[in-house]
Amino acid sequence: MRIIDGKECAQQVKDQIAAEVADIRAKGQRPPRLEIFLVGDRPDSLAYVRSKDKTCRALGMDCGLHLLPDSTSESDLTAMIDDCNRNDNVDAILIQLPLPDHYNSARVLDLIDYRKDADGLHLMNVGLLHLGEPYVMPCTPKGIMTLLETNDIEVSGEHVVMIGRSQLVGEPTAKLLIHNNATVTLCHSRTKNLSAIARLGDIVITAAGCPNLLQPTDFKEGAVLIDVAMNRVDGKLQGDVYSEATRPELEKRLRACTPVPGGVGPMTIAMLMQNVLDIYKIRHGL
Ligand code: NAD
């Protein structure tokens with residue numbers, strides 16, 4: 001079984017971005033700039049935004065990190081986003097989710113100018129992706145497709161079983177696969193006989209957030225497993241299927257598999273950085 005190394009693939013993407021940004025700077029132009037908004041003090045969200053800020057800077061891009069108290073009103077946040085929309089020196093905007101309960105998240109995400117929408121979650125970007133003409137793609141689905149492509153795993157004509165139908169991962173990934181000529185079965189929490197359906201998959205993608213969702217015997221011989229989930233069990237990260245315990249059996253059964261951690265996770269942040277650079281390039285006609 002081939003281990004699909006998301007860390008290495010993400011590093012290659014980031015090296016390429018750093019080289020392109022260095023080139024931009026060498027020509028005396030300002031580098032791409034991302035503005036990140038976090039409302040509230042969830043420790044996991046704080047860790048995520050700090051990591052995004054750090055990665056952005058490490059690649060030579062600029063980043064503005066706005067850490068706002070939970071009491072920030074939706075209208076105050078709206079005004080800040082509006083400033084960024086109108087500021088020519090800002091290329092991309094990200095609002096860290098989840099927002100506190102007193103916010104209407106969909107409404108706030110749609111305040112971002114969709115051409116500066118770093119996460120690709122604006123209604124316009126969702127619609128364009130569904131039409132097969134993506135403008136900014138959501139990061140995790142884009143990371144999954146990049147991992148498949150760079151590991152020469154053909155999706156065209158293959159039966160892909162996608163487990164999870166969230167707007168963040170499952171649904172957009174299913175759409176991207178369909179547009180790349182895969183035959184897709186989309187499963188969710190109400191799906192009956194999940195194991196039997198998984199066994200039909202040439203490629204199975206799990207994004208349910210349920211440890212031990214499937215057993216290694218639930219895959220056909222030679223299948224590919226992309227395990228997106230990040231479940232913390234006894235203080236350790238594991239996927240919906242992949243764990244140190246299941247790995248030996250998966251190795252006997254599968255053609256290729258993403259580990260957890262070190263699979264899809266590192267790709268998500270690399271794709272965010274790619275989105276920031278791509279938006280910059282479109283805005284500057286590069
Ligand atoms: P979500 O809770 O929004 O959606 C989960 C989906 O799984 C739902 O559509 C639900 O119907 C389905 N589901 C739940 N239990 C199921 C079951 N028993 N059988 C079949 N389907 C089931 O979650 P999400 O935001 O899509 O994230 C899913 C997982 O992926 C989580 O573990 C999350 O941490 C992880 N994730 C990882 C990355 C990454 O970068 N690696 C990014 C985003 C999410």
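In each ligand, atom 1 is the first atom listed, and ligand 1 is the first ligand listed. What's counted below: heavy atoms across the whole structure, side chains too, no hydrogens, waters or symmetry copies.
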For S166, the atoms of ligand 1 under 4.0 Å from one of its heavy atoms are 3 (O), 4 (O), 9 (O), 24 (P), 26 (O)

Ligand 1 to T268, heavy atom cutoff 4.0 Å, flagged ligand atoms 39 (C), 40 (O)

The atoms of ligand 1 lying under 4.0 Å from a heavy atom of T140, numbered in the order shown, are 40 (O), 42 (C), 43 (C)

heavy-atom search around atom 17 (C) of ligand 1 in the protein gives L213 CD1, 3.6 Å

Numbered in order shown, the ligand 1 atoms found under 4.0 Å of a heavy atom of V169 are 26 (O), 43 (C), 44 (C)

Logged contact type for D240 with ligand 1, heavy-atom cut-off 4.0 Å, is neither

Considering only NZ, NE, NH1 and NH2 on the basic side and carboxylate oxygens on the acidic side, decide whether E251 and R253 come within less than 4.0 Å. no

### Query
Just checking, is any N or O donor in the side chain of Y135 or R115 under 3.5 Å from an acceptor N or O on the other one?
no

Does G170 reach ligand 1 with a nitrogen or oxygen that is under 3.5 Å from one of the ligand's nitrogen or oxygen atoms? no

Quick note on ligand 1: atoms under 4.0 Å from a heavy atom of G164 include exactly 6 (C), 7 (O), 9 (O), 12 (C)

(request) Indicate whether the side chain of Q29 and that of H284 have a donor and an acceptor atom separated by less than 3.5 Å. (result) no

Open item on the list: Could you check whether D218 pairs with R199 (Lys NZ or Arg NE/NH1/NH2 to Asp/Glu carboxylate O, under 4.0 Å)?
Closed with: yes

Requested in this report: Assess C187 for proximity to ligand 1: is some non-hydrogen atom of it under 4.0 Å away?
Outcome: no

Within the 4.0 Å heavy-atom cut-off, what A208 brings close to ligand 1 is both

Is the shortest side-chain N to carboxylate O distance from K7 to D5 below 4.0 Å?
-> no

Please check this pair: side chain of D202 against backbone of A223, looking for a donor-acceptor N/O pair closer than 3.5 Å. no

Look at the aromatic rings of H122 and Y114 and report parallel, tilted or perpendicular, splitting at 30° and 60°. tilted

min-distance protein heavy atom vs atom 32 (O) of ligand 1 -> M230 N, 3.2 Å

shortest atom 37 (C) of ligand 1-to-protein heavy-atom contact is with V228 O, 3.2 Å

The protein heavy atom nearest to atom 25 (O) of ligand 1 is L168 CD2, 3.8 Å

For A229, the ligand 1 atoms with a heavy-atom partner under 4.0 Å come out as 29 (C), 30 (O), 32 (O), 35 (C)

At under 4.0 Å between heavy atoms, what of I163 touches ligand 1? The answer is side chain

Before you tell me yes or no, could you show the steps for E221 and R255 under salt bridge (Lys or Arg N to Asp or Glu O under 4.0 Å), namely the whole-Å CA-CA distance, both residues' side-chain angles and the distance that decides it to 0.1 Å?
CA-CA 8 Å; E221 301 266 351; R255 172 156 67 101; over 6 Å; no

Only one of D119, T140, T55 passes side chain to side chain contact (heavy atoms under 4.5 Å, CB included) with L272, and that residue is D119

